[in-house]
Number of protein chains: 2
Amino acid sequence: MPRPRQALLSPDVIADAAMALIDSGSPFGVNALARRLGVTASSLYHHVDGHDAIIELVRGRLVRRYTPDLPRGTWEEIVERTVRLQRAMYAGHPALVPLIVGKTITDEGVIEQYDVLATALVEGGFPRADVLSIVAVIDSFALGFGLDLASPENIWEPENDTRTLGALIADGPSGRERSDRAFEVGLAVLLDGLRSRLAASAPPDPEH
Amino acid sequence: MPRPRQALLSPDVIADAAMALIDSGSPFGVNALARRLGVTASSLYHHVDGHDAIIELVRGRLVRRYTPDLPRGTWEEIVERTVRLQRAMYAGHPALVPLIVGKTITDEGVIEQYDVLATALVEGGFPRADVLSIVAVIDSFALGFGLDLASPENIWEPENDTRTLGALIADGPSGRERSDRAFEVGLAVLLDGLRSRLAASAPPDPEH
DNA sequence: ACCTGAACACCGTTCAAGT
DNA sequence: ACCTGAACACCGTTCAAGT
């Protein structure tokens, strides 16, 4: 079946199938993807630039889907909304997370999200020299908790006795509920920490 | 060369070579590892339980090397020391980080570190029900910044103009220095956030 | 007990050949 | 322009055969 009159593939078709494959839980790969599409792996290379480019395509789509409009508000609102949106995205597509770690971000839509964040922090009064670091902190935070969603049920499996850890694991929730609670605690810690830092760098308005 | 009088391999020999392979920057795999050891990949399976078990072996060794004695002190000191030790370990062996994400921790030495942390937080006055979440927050934090070390020089590559992000990237440091700065900011935010949380859950001593 | 070599079911990518 | 099939250099794991 060489060269049908109407092309079988396109970047969109490939991205859709890639997302379905990732969400199915089966390991992602160009061969597995081609199989799903009823096509040879080499065919994909006529439309996209290989494995990593497909992942970046999927990331871009998801970010656009999960952030319909650019957030407005105070830096606190924007930080919280950004982190919660990322959380929702990773929760909806946990198997994507291990695939995107350590890949350079080039997608315009994703860059724009980080730009909004950076702008909000500068306008919020954080020292310019710190803002990129703070964006990285927020990013690390979101990614770390995204990986938590992609992790096995039990992160720790103590075989011997422990002083505290074993009992805490036995007493508390597991799986998604454990992860959600940790996320909420983490988000509160993050926002509190940022507020303290802002207060320390820009002393409160002398009028008060 | 079947069955030499003195065994060529052992878990220790394999772990040493695995660490050298990982630190060399070449992609890790059982085949590549066997090649380095001048041995067949199948030989490894007489001593260790495959790819993931080798990674867990390396993790255990490194944790033991980087934490010679169990930390003592206030919860703040223990949290800070734990995070800094993990940071040092990941900085020394960045290529290990992507290999350990999402793998269940079974190594006794590693479990013990988390147990010390959990115990310190309980004794420090954090609500028992929150402690496991807080340990997960600290873990996500350390892992997120570890991944930052394993990431390419440029995390963001904006192609179009941006309002703020592009200028911040151009003005600030890159590579290791950027990562280190972000880590320091993140650690300060983490500790501040934890202090606020503790103060909110356990109101200050009425004597003061 | 320990190592090999062959086998199996995979990877990601390139490229000449076909229409 | 678009798809195929073969090729290349890899993966991780199993297992019978050899000493």
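Just so it is clear: chains get the letters A, B, ... in the order the sequence lines come, proteins before strands, and each one is counted from 1. Hydrogens, waters and symmetry mates play no part in the numbers below; they use all other heavy atoms, side chains included. Predicted model, so just to flag it, every value in this text is computed and none were measured.
We find that CG of Leu33(A) is positioned 15 Å from C1' of dC3(D), with the value rounded to whole Å. The interatomic distance linking Leu99(B) (CG) with dG12(D) (C1') rounds to 14 Å, in whole Å. Distance, Ile14(A) CD1 to dC2(D) C1': 11 Å, rounded to whole Å.
Across dA9(D) and dC10(C), the matching P atoms stand 22 Å from one another, rounded to whole Å.
Heavy-atom contacts from other residues, nucleotides or ligands closer than 6.0 Å to CG of Asp49(B) number 12 or fewer.
With hydrogens and angles left out, the side-chain atoms of Thr40(A) and Arg35(A) include no donor and acceptor closer than 3.5 Å. Looking at Thr164(B) and Arg128(A), their side chains never bring a donor and an acceptor atom within 3.5 Å of each other. The closest side-chain donor-acceptor pair between Asp148(B) and Tyr90(B), if any, does not fall under 3.5 angstrom.
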Protein-nucleic acid N or O pairs under 3.5 Å, nucleotides 5-10 of chain D:
| from | atom 1 | to | atom 2 | distance (Å) |
| --- | --- | --- | --- | --- |
| dG5(D) | O6 | Ser42(A) | OG | 2.5 |

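Within a heavy-atom distance below 4.0 Å of DNA chain D, the residues of residues 44-57 of chain B found are Tyr45(B), Gly50(B), His51(B).
Checked for salt-bridge contact, Arg87(B) and Asp180(B) meet the test: a charged N lies under 4.0 Å from a carboxylate O.
The shortest side-chain heavy-atom distance between Val137(A) and Phe183(B) does not fall under the 4.5 Å cut-off. Between Glu112(B) and Thr67(B) the shortest side-chain heavy-atom distance does not fall below 4.5 Å.
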Residue pair Arg181(B), Asp130(A): steps toward the salt bridge (Lys or Arg N to Asp or Glu O under 4.0 Å) verdict: CA-CA 8 Å; Arg181(B) 275 205 208 176; Asp130(A) 282 3; over 6 Å; no
Between Glu56(A) and Arg59(A), does the salt bridge (Lys or Arg N to Asp or Glu O under 4.0 Å) criterion hold? Intermediate values first, please. CA-CA 5 Å; Glu56(A) 188 63 10; Arg59(A) 189 214 302 246; 3.1 Å; yes
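Consecutive Watson-Crick or G-U pairing (both distances under 3.5 Å) extending over three or more pairs maps onto DNA chain C as C:4-8 with D:12-16, C:12-16 with D:4-8.
A distance of 10.5 Å separates CD in Gln113(B) from CD1 in Ile78(B), rounded to the nearest 0.5 Å.
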